[in-house]
Chemist: 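Handing you this structure, nothing more for now.
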Amino acid sequence: MLTRHTFQAFRNISGPPKKSVELPKYDLVIVGGGIVGCATARQLLIEKPNLKIALIEKEKELAVHQSGHNSGVIHAGIYYTPGSLKAKLCVEGLDLSYKFFDEEKIPYKKTGKLIVAVEPEEVPRLDALFTRAQTNGCRDIEMIDPKRITEIEPHCRGLKALWSPHTGIVDWGYVTKKFGEDFEKRGGKIYTSYPLEKIEDNLKDSNYPIRISSDPSFAEFETKNLITCAGLQSDRVAALSGCSMDPKIVPFRGEYLLLKPEKRHLVKTNIYPVPDPRFPFLGVHFTPRMNGDIWLGPNAVLAYKREGYSYFSISPSDLLESLSYSGMQKLVKKHFTFGIKELYRGIWIAAQVKQLQRFIPELKYSDVTRGPSGVRAQAMDSAGNLVDDFVFDSGTGKLSSLIMHVRNAPSPAATSSLAIAKMITSEAVNRFKL
């Protein structure tokens with residue numbers, strides 16, 4: 001049903017425009033058919049319905065990469081640094097998301113989430129996380145004891161946990177396509193199979209000073225303003241208008257296991273670990289899915305291709321670019337042992353199961369199979385630090401005042417997408433004088 005609905009909803013999406021005498025002209029072009037790009041396009045037409053806006057996407061459909069390859073969790077905003085955009089936009093985005101789902105009758109489930117301390121040394125960090133959640137304005141977060149943990153999740157064991165009742169799950173790929181559908185209904189135009197290759201000045205035409213182009217057989221666009229939300233390609237797209245390559249996108253693949261159908265009764269809610277500040281990534285968790293699957297994981301290993309979802313998906317140029325980057329070399333040096341363990345857990349399922357057994361002791365190696373994977377667009381600076389918050393850039397030069405690049409939109413970008421769209425729209429209206 002979902003596949004048929006999605007196809008029918010998007011049967012009028014255009015492919016790349018062919019060359020003609022008259023170039024397509026727009027008030028604004030948005031690059032990137034992921035959830036941030038589609039939410040932003042929609043929001044711009046909600047606030048400025050008279051604008052002529054196009055969205056271009058290099059793949060054949062929307063939400064092909066991060067927006068369609070994620071855990072599907074609707075986050076509450078617990079983990080994020082107080083005062084950061086990440087925290088603010090997530091808390092706001094959660095409420096906006098549920099409102100949109102209800103209005104559009106999009107299926108979702110409020111499964112809740114447990115963040116479980118299983119070792120004594122994790123308890124103080126959990127207490128600090130509770131304070132952080134309260135500071136961030138997360139609603140109805142409770143600190144609970146072992147008895148309450150088992151009431152919520154009978155097979156889970158822990159010393160103490162945070163319970164987040166408003167955390168949920170949804171199919172974010174489907175949500176992205178609904179944003180796109182609403183954008184088109186409001187008069188927007190979507191062009192798929194249009195990989196952006198050039199951003200050039202067209203200053204001889206003061207009305208449409210930006211020209212963007214792709215394959216020579218496709219039409220060029222002329223536009224007054226440009227916003228890019230290019231995810232895994234965001235640094236490369238920003239460089240087309242003269243921006244620095246820093247922060248660089250380094251792709252990390254997360255590999256999940258699947259709980260066998262006869263063992264799905266072991267997990268009812270999201271079960272997450274207490275973050276360990278010594279390590280760059282969160283660690284394994286349990287995630288129910290809308291189709292009934294239970295995902296377990298992920299690990300985090302360097303992807304051999306920007307959009308490479310398996311060990312056999314390799315781009316020598318992408319891999320060399322990642323490994324030769326000074327920031328990546330410093331990260332490897334700092335977290336070499338952690339990286340080897342993540343790689344080991346990806347190859348040997350039993351090692352990943354051992355980590356999961358800390359939360360559900362009765363889980364067995366025979367209960368799981370290999371599952372899907374996703375690739376995370378991890379922004380990294382030249383010092384080897386993972387860029388943990390949103391980054392926006394315009395670069396320098398003649399066109400800088402007319403362009404906005406979303407350089408980094410980290411998880412929970414899906415949950416935050418409607419709030420991000422409002423923020424980008426507000427900035428665009430002021431900056432571009434729309």
Chemist: Do Glu255 and Asn299 have a side chain donor and acceptor closer than 3.5 Å?
Modeler: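 On atom types as modelled, these side chains qualify, holding a pair under 3.5 Å.
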
Chemist: For atom NZ of Lys110, decide whether the heavy atoms of other residues, nucleotides or ligands shown that lie under 6.0 angstrom number more than 12.
Modeler: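 Yes, NZ of Lys110 has more than 12 neighbouring heavy atoms, counting only those of other groups under 6.0 Å.
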
Chemist: How many angstroms lie between CD in Glu307 and CD in Gln66, if you round to the nearest 0.5 Å?
Modeler: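 Nearest 0.5 Å value for the CD-CD distance: 9.5 Å.
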
Chemist: Could you go through the side-chain contact (heavy atoms from CB on, under 4.5 Å) check for Lys248 and Met328 one step at a time?
Modeler: CA-CA 9 Å; Lys248 177 173 282 298; Met328 182 63 188; over 6 Å; no

Chemist: Taking the side chain as everything from C-beta on, heavy atoms only, tell me whether Thr81 gets closer than 4.5 Å to Asp389.
Modeler: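 Contact flag for Thr81/Asp389 side chains = no.
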
Chemist: Assess the residue pair His65 and Tyr309 against the criterion (side-chain contact (heavy atoms from CB on, under 4.5 Å)); give the C-alpha distance rounded to whole Å, side-chain angles, the decisive distance to 0.1 Å, and a yes or no.
Modeler: CA-CA 10 Å; His65 294 297; Tyr309 296 95; 2.7 Å; yes

Chemist: Establish, from distance only, whether the side-chain atoms of Asn136 and Tyr79 form a donor-acceptor pair under 3.5 Å.
Modeler: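 Per modelled atom types, Asn136 and Tyr79 side chains form no pair under 3.5 Å.
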
Chemist: Where is the tightest heavy-atom contact between Pro273 and Leu282, given as atom of each residue plus distance?
Modeler: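 Looking at all heavy atoms of both residues, the shortest contact is CG-O, 3.7 Å.
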
Chemist: In Å, rounded to the nearest 0.5 Å, how long is the span from CG of Leu302 to CZ of Phe252?
Modeler: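 These two atoms lie 6.0 Å from each other.
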
Chemist: Taking all non-hydrogen atoms of both residues, which atom of Lys48 and which atom of Leu434 are closest, and how far apart?
Modeler: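 Where Lys48 meets Leu434 most closely, the heavy atoms are NZ-O, 3.6 Å.
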
Chemist: Can you tell me how far apart CG (Leu126) and CE (Met143) are? Round to the nearest 0.5 Å.
Modeler: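 Interatomic distance, Leu126 CG to Met143 CE, rounded to 0.5 Å: 4.0 Å.
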
Chemist: Is any side-chain heavy atom of Tyr272 closer than 4.5 Å to one of Leu162?
Modeler: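 Leu162 vs Tyr272: side chains apart.
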
Chemist: Tell me yes or no: between the side chains of Thr167 and Ser164, is some donor less than 3.5 Å from an acceptor?
Modeler: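 Yes, side-chain donor-acceptor contact under 3.5 Å.
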
Chemist: Do Tyr325 and Asp246 come close enough that some side-chain heavy atom pair is under 4.5 Å?
Modeler: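 Side chain of Tyr325 against side chain of Asp246, heavy atoms only: contact under 4.5 Å found.
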
Chemist: Could you check if a side-chain atom of Leu44 sits within less than 4.5 angstrom of a side-chain atom of Ile227, using non-hydrogen atoms only?
Modeler: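 Heavy-atom side-chain distance check passes, below 4.5 Å.
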
Chemist: Validate the cation-pi geometry between Lys224 and Phe432: distance from NZ or CZ to the six-membered ring centre under 6.0 Å, angle to the ring axis within 45°.
Modeler: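 Lys224 over Phe432 ring: no.
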
Chemist: For the residue pair Leu418 and Arg42, establish whether any side-chain heavy-atom pair is separated by less than 4.5 Å.
Modeler: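 A side-chain contact under 4.5 Å exists here.
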
Chemist: Tell me yes or no: between the side chains of His285 and Asn270, is some donor less than 3.5 Å from an acceptor?
Modeler: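 The answer is no; no qualifying pair exists.
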
Chemist: Let me confirm one number: the CZ-OG1 distance from Arg289 to Thr111, rounded to the nearest 0.5 Å.
Modeler: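 Here the interatomic distance stands at 11.5 Å.
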
Chemist: Measure the spacing between CD1 of Ile141 and OG1 of Thr131 and express it to the nearest 0.5 Å.
Modeler: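 That separation rounds to 12.5 Å.
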
Chemist: Establish, yes or no, whether a centroid distance under 6.0 Å links the rings of Tyr191 and Phe218.
Modeler: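 Between Phe218 and Tyr191, which both carry aromatic rings, the centre distance is not below 6.0 Å.
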
Chemist: Does any non-hydrogen side-chain atom of Phe286 lie less than 4.5 Å from one of Leu114?
Modeler: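 The answer is no; the side chains never approach within 4.5 Å.
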
Chemist: Rounded to the nearest 0.5 Å, what separates atom CG in Leu62 from atom CD in Glu181?
Modeler: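 Output value for this atom pair is 11.0 Å.
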
Chemist: Can a side-chain donor-acceptor contact be found between Arg253 and Ser313 if the only test is distance below 3.5 angstrom?
Modeler: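 Not at all, the side chains of Ser313 and Arg253 share no donor-acceptor pair under 3.5 Å.
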
Chemist: Checking side-chain polar atoms at under 3.5 Å, does Asp102 have a donor or acceptor matched by the opposite partner on Tyr108?
Modeler: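 The criterion, which ignores hydrogens and geometry beyond distance, is satisfied for Tyr108 and Asp102.
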
